[in-house]
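So the structure is just underneath, and the comments pick up after that.
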Amino acid sequence: QEIFDFKHRFEPDENIPVQVTYIYMGGDTALVTIPGEVFISHQIDLKARSPLRYTFLFGYTYSGQGRNAGYVPTIQAAIEGGYGASYRTRIEVGAGERMIDRAVIWIHEQLGQLRVLPDISSY
């Protein structure tokens with residue numbers, strides 16, 4: 001689990017802590033949960049970037065800490081506007097992409113594809 005401390009989109013003095021949960025099921029399956037209504041483009045992006053055959057993104061989840069993120073639009077959706085993208089949303093623009101980026105990194109870490117320490121043998 002990881003807590004992100006996002007700014008409120010329209011009230012920048014307010015922070016919104018959002019807890020994301022990552023679950024590696026072993027083999028070729030992982031789950032990522034975000035407590036909010038995540039735009040489908042985030043799921044498509046996560047699936048495309050994950051090296052696993054089955055990578056699922058669940059919205060509307062709550063894992064114990066943080067707050068509901070509300071609508072989680074993409075940057076492009078925030079630019080284009082509309083319900084859940086330019087109003088009825090609370091977290092800062094780009095928050096969804098940051099959570100998806102971190103999920104992709106986490107998946108690669110679980111698979112041992114990213115090192116915790118630098119590999120100095122190639123120097």
Side-chain angles (χ1 to χ4, degrees):
Q1 297 174 329
E2 183 171 1
I3 296 178
F4 293 84
D5 197 25
F6 295 120
K7 296 268 185 220
H8 191 293
R9 181 172 177 187
F10 302 111
E11 298 174 29
D13 292 336
E14 181 183 340
N15 287 348
I16 301 175
V18 175
Q19 183 170 326
V20 176
T21 300
Y22 314 105
I23 303 168
Y24 178 49
M25 306 292 287
D28 57 0
T29 305
L31 311 174
V32 178
T33 72
I34 296 176
E37 187 165 338
V38 185
F39 277 40
I40 189 66
S41 295
H42 291 307
Q43 168 65 52
I44 293 167
D45 184 37
L46 176 61
K47 174 70 176 153
R49 295 170 57 200
S50 174
L52 299 174
R53 183 171 182 189
Y54 305 107
T55 304
F56 301 97
L57 176 62
F58 293 98
Y60 307 104
T61 59
Y62 182 72
S63 51
Q65 295 184 19
R67 293 174 35 202
N68 186 304
Y71 288 94
V72 184
T74 62
I75 295 169
Q76 186 61 41
I79 292 166
E80 294 170 358
Y83 189 87
S86 61
Y87 61 97
R88 303 294 300 169
T89 181
R90 298 182 317 186
I91 59 176
E92 65 187 81
V93 174
E97 283 81 359
R98 285 176 47 200
M99 290 184 280
I100 298 303
D101 284 348
R102 182 64 191 114
V104 171
I105 291 167
W106 178 86
I107 290 168
H108 284 284
E109 289 172 343
Q110 297 310 298
L111 297 174
Q113 297 171 337
L114 291 173
R115 300 176 187 274
V116 182
L117 297 173
D119 180 6
I120 58 172
S121 66
S122 61
Y123 289 104

Take atom OH of Y54 as the centre, draw a 6.0 Å sphere, and report whether it contains more than 12 heavy atoms from other residues, nucleotides or ligands.
-> no
Whether W106 and Y22 hold their rings parallel, tilted or perpendicular, with breakpoints at 30° and 60° | parallel
Same apolar cluster (I L V M F W Y, side chains within < 4.5 Å links), F56/F39 | no
Mind checking what makes salt bridge (Lys or Arg N to Asp or Glu O under 4.0 Å) contact with R67, not counting sequence neighbours?
-> E14
Could you state whether I91 and Y71 fall into the same hydrophobic cluster, counting links through intermediate Ile, Leu, Val, Met, Phe, Trp or Tyr residues with side-chain heavy atoms under 4.5 angstrom apart?
-> no
Any donor-acceptor N/O pair, T33 side chain to V20 backbone, under 3.5 Å | no
Does any N or O in the side chain of E97 come within less than 3.5 Å of the main-chain N or O of H42, such that one atom is a donor and the other an acceptor?
-> no
Non-neighbouring partners of D101 that pass side chain to side chain contact (heavy atoms under 4.5 Å, CB included), sequence neighbours left out = R49
Got a donor-acceptor contact below 3.5 angstrom from the Y83 side chain to the S86 backbone?
-> no
Please report the shortest heavy-atom distance between Y62 and P35, naming the atom on each side.
-> CA-CB, 4.4 Å
Carefully, step by step, assess Q19 and T21 under the rule side chain to side chain contact (heavy atoms under 4.5 Å, CB included).
-> CA-CA 7 Å; Q19 183 170 326; T21 300; 4.2 Å; yes
Treating Ile, Leu, Val, Met, Phe, Trp and Tyr as nodes and any side-chain heavy-atom pair under 4.5 angstrom as an edge, say whether I23 and F58 lie in one connected cluster.
-> yes
Could you give the distance from CG (L52) to NE2 (H108), rounded to the nearest 0.5 Å?
-> 8.0 Å
What distance separates D5 CG from N15 CG, expressed to the nearest 0.5 Å?
-> 4.0 Å
Quick one: closest heavy-atom pair of Y24 and T29, and the distance?
-> CD1-O, 3.4 Å
Is the shortest side-chain N to carboxylate O distance from E92 to R98 below 4.0 Å?
-> yes
Distance in Å, T74 OG1 paired with I100 CD1, rounded so as to fall on 0.5 Å steps = 11.0 Å
